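For clarity, every value in this text was computed on a predicted model and none was experimentally measured.
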Amino acid sequence: MHLLLKSLIGFLFLLGFSGLLNGQTEKATPPAFQNNRSQESYEYLINAETNPYQKAFGDDLKYIPLADSGSIYLSLGGSYRARMESFTNRDWTPGENTYYSQRLSTHASLQLGRHIRLFGEVYHGLTTGEDKFFQDDDIDWHQGFIAFTFGLAKKYEVNISLGRQEMDLGAARLVGRRDGTNMRRSFDLGRISLTKGATKAQLFYGKEVSPQFGAFDNVFSLFDEDATNPEIWGIYTEWPIIENEHIIEAYYLGFQSDVSRMSDQIGKETRHSIGIRSHGQVGRFIFNSELIYQFGELGESSISAYNFETDWKYILLTTKWRPMLGIKLDFSSGDREVGDDKLQTFNPIFVNPGIYSLAAINTPANLTSFHPSFTFFPLKELTVYMDYALFYRTNREDGLYAPPRFLNREPNGIRDRHIGDVVGINLKYGVNRNISLNLLSSFFIAGGFVEASGPSKNIFYLAATIHFLI
């Protein structure tokens, strides 16, 4: 526990010290690093005279010309994330567990003229103690793909990519990176994207990468018919309306897993999701709503499930602290009857669990939740987010699911729907373009269903993180 206290003291020290440094200068910086590093572009460095940004730390690595024309160049980068985590009563089971984790990544992007790009990124993950799945990996390819870009009818840009890639779709309610763990999610994927301004469409097919613990043992499975990795395919579109203040997204996603278990059903699952999302900002009102319907088969049962979520925020004052009040509602269907040939449990497939509460314990399958929140910005670089989440089972005949889609506790005839409440706080501070700090804490208060179905100790979680990017 003393290691955690030291990390917290260091966090507070850096917070105050960096605030003094940032107050001494007001210099323009280049665009922020992308969460998906393969989406970064450094074309602005090709011509020093037209470069609109001031020189930044690491620019010498971002543009390394390999030809006199300047159109063939190499970009290098990487990141290091160090974190101290402490769990009290993890999974509602008595006990304490404090450990250190780190994620180290390096990447290279080779631009071959205007039309061809090669991108590669390797990850290393480490935690103290025993190896943890999704956390520990000696070294492996996280991304590695070739991309072809060309114009179509002078209006559209077409991008074709093949290889191992990250993929985020929309608000990550069905497909997200799993950023909380050391090993983020990636796919062995083929993708075609069509872009015209802010209007985009992408068509894809891929298989989820199954991370292993050794060196370069995460097998590429896209063309392996015998691979058991869960599959995904689909089309995702988005287009702006109301002068780009309002974005509409519509999509179809297919999912297949050789073995799935939901409610009382187990077997091969083929599931189709049709969804529409509406998000944007009008004045002080920020909105994000999504409706999803699913159908297909799991074993011998037919699937009919749905999810509806709204995530709304209102900026109370336009003063320096810009306080925002938020309300999020989520309704994910659950199975209504045991023993029939129908399944109503919603499957969040490759969800990012962090968007459903700071505790990241529940996943939106048979889940009804309500989240009031409050956000403010005491400093330009500091974000303070607080929320209180209430979780209930949607249907009493279905159980409790853990991320991303695994049955954690069976219903066993328990009538109480209340899973529990979570109070949490998240502090994010950007020291500068390269360094960010994060302090996250949550307290999960067990509800009646958890108390009746097994261990039910309240869960306390605390994590302090330092993230360096270049």
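- Counted by atom type alone, Ser453 and Arg409 present one or more donor-acceptor pairs between their side chains at under 3.5 Å.
- Listed for the Gln135 side chain is no donor-acceptor partner under 3.5 Å among the backbone atoms of Thr127.
- Side chain of Arg284 to backbone of Leu316: a donor-acceptor contact under 3.5 angstrom is found.
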Glu43 and Arg114: salt bridge (charged side-chain N to carboxylate O under 4.0 Å, His left out), yes or no, with the steps?
CA-CA 10 Å; Glu43 289 186 358; Arg114 296 181 57 188; over 6 Å; no

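- A donor atom on one side chain and an acceptor atom on the other are found under 3.5 Å apart for Glu269 and Ser260.
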Apply side-chain hydrogen bond (donor to acceptor under 3.5 Å, both in side chains) to the pair Thr228 and Asp258, showing each step before the final yes or no.
CA-CA 6 Å; Thr228 59; Asp258 285 355; 5.2 Å; no

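- For the pair Arg433 and Phe33, the cation-pi test (distance below 6.0 Å, angle within 45°) is passed.
- Heavy-atom contacts from other residues, nucleotides or ligands closer than 6.0 Å to OH of Tyr388 number more than 12.
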Test log, rule salt bridge (charged side-chain N to carboxylate O under 4.0 Å, His left out), inputs Arg173 and Glu290
CA-CA 9 Å; Arg173 291 181 177 128; Glu290 192 163 355; 2.7 Å; yes

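- The closest donor-acceptor contact from the side chain of Asp136 to the backbone of Asp131 lies at 3.5 Å or more, if one exists at all.
- The number of heavy-atom neighbours closer than 6.0 Å to NZ of Lys132, taken from other residues, nucleotides and ligands shown, is above 12.
- When Arg184, Gln39, Arg185, Arg37 are each tested for a side chain to side chain donor-acceptor pair (under 3.5 Å) with Glu166, only one passes: Arg184.
- No hydrogens or angles considered: nothing links the side chains of Gln143 and Arg164 as a donor-acceptor pair under 3.5 Å.
- For Asn352 (side chain) and Gly176 (main-chain N/O), no donor-acceptor pair under 3.5 Å exists by modelled atom type.
- In this structure, Asn366 contributes its side chain and Gly399 its backbone to a donor-acceptor pair below 3.5 Å.
- Side-chain N/O atoms of Tyr42 and Glu40 include a donor and acceptor closer than 3.5 Å.
- Under the 3.5 Å distance criterion, with hydrogens and angles disregarded, no donor-acceptor pair is assigned to the side chains of Ser302 and Glu297.
- Using the six-membered ring where Trp is involved, Phe285 and Phe287 have ring planes that are parallel, under 30° apart on the 30 and 60° scheme.
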Give the C-alpha distance, both sets of side-chain angles, the deciding distance and a yes or no for salt bridge (charged side-chain N to carboxylate O under 4.0 Å, His left out) between Asp330 and Lys328.
CA-CA 7 Å; Asp330 180 84; Lys328 182 162 63 174; over 6 Å; no

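- Within the 4.5 Å cutoff, no side-chain heavy atoms of Leu462 are placed close to those of Glu85.
- For Trp321 and Phe377, the ring centers are positioned 6.0 Å apart or more.
- No donor-acceptor contact under 3.5 angstrom links the side chains of Asp91 and Thr93, judged on distance only.
- Shortest non-hydrogen contact noted between Ala365 and Tyr401 is O-CD1, 3.5 Å.
- Side-chain contact of Tyr205 with Glu231: a donor-acceptor pair under 3.5 Å is present, judged by distance alone.
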Between Lys268 and Glu300, is a salt bridge (charged side-chain N to carboxylate O under 4.0 Å, His left out) present by the stated rule, with each step listed?
CA-CA 9 Å; Lys268 183 176 181 178; Glu300 301 298 323; over 6 Å; no

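- His371 and Phe391 have perpendicular rings, their planes meeting at more than 60° on a 0 to 90° scale where under 30° would count as parallel.
- Checking Tyr293 against Ser304 by side-chain atom types alone, a donor-acceptor pair falls below 3.5 Å.
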Please step through side-chain hydrogen bond (donor to acceptor under 3.5 Å, both in side chains) for the pair Ser333 and Thr394, ending with a clear verdict.
CA-CA 6 Å; Ser333 61; Thr394 303; over 6 Å; no

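- With hydrogens and angles left out, the side-chain atoms of His246 and Gln281 include no donor and acceptor closer than 3.5 Å.
- Arg191 and Gln165 form a side-chain donor-acceptor contact under 3.5 Å, judged by distance and modelled atom types alone.
- Both tests pass for Arg393 against the ring of Phe449: distance under 6.0 Å to the centre and angle within 45° of the axis.
- Centroid-to-centroid, the aromatic rings of Phe468 and Tyr80 stay 6.0 Å apart or farther.
- In this model, no donor atom of one side chain and acceptor atom of the other lie less than 3.5 Å apart for Ser289 and Ser278.
- Results of the side-chain contact (heavy atoms from CB on, under 4.5 Å) test with Phe187 over Ile232, Asn229, Val209 single out Ile232 as the only residue that passes.
- Using a 3.5 Å distance cut-off with no hydrogens or angles, the side chains of Thr465 and His467 do not pair a donor with an acceptor.
- His124 places a side-chain N or O within 3.5 Å of a backbone atom of Asp138 that can act as its donor or acceptor partner.
- Counting only heavy atoms from C-beta outward, the side chains of Ile361 and Ile459 approach each other to under 4.5 Å.
- Note on ring orientation: taking the six-membered ring where Trp is involved, the planes of Phe443 and Phe460 are tilted (angle from 30° to 60°).
- At distances below 3.5 Å, at least one donor-acceptor pair connects side-chain atoms of Arg103 with backbone N or O atoms of Thr181.
- Between the side chains of Asp335 and Asn395, no donor-acceptor pair of N or O atoms lies under 3.5 Å.
- Residues Arg117 and Ser109 bring a donor and an acceptor atom of their side chains to less than 3.5 Å of each other.
- Counting only distance, with no hydrogens or angles, the side chain of Asp188 and the backbone of Ser221 share a donor-acceptor pair below 3.5 Å.
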Quick one: do Tyr252 and Trp233 satisfy side-chain hydrogen bond (donor to acceptor under 3.5 Å, both in side chains)? Show the steps, please.
CA-CA 8 Å; Tyr252 158 76; Trp233 62 92; 3.1 Å; yes

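- With hydrogens and angles left out, the side-chain atoms of Asn438 and Asn426 include a donor and acceptor closer than 3.5 Å.
- Annotation: Phe295 is in aromatic contact with His272 [ring centroid separation under 6.0 Å].
- For the residue pair Gln265 and Ser301, a side-chain donor N or O sits within less than 3.5 Å of a side-chain acceptor on the partner.
- A donor atom on one side chain and an acceptor atom on the other are not found under 3.5 Å apart for Thr345 and Ser263.
- Nearest heavy-atom pair, Asp224 versus Asp226, reported as atom, atom and distance to 0.1 Å: OD1-N, 3.0 Å.
- Taking the six-membered ring for Trp, Tyr306 and Phe308 have ring centres at least 6.0 Å apart.
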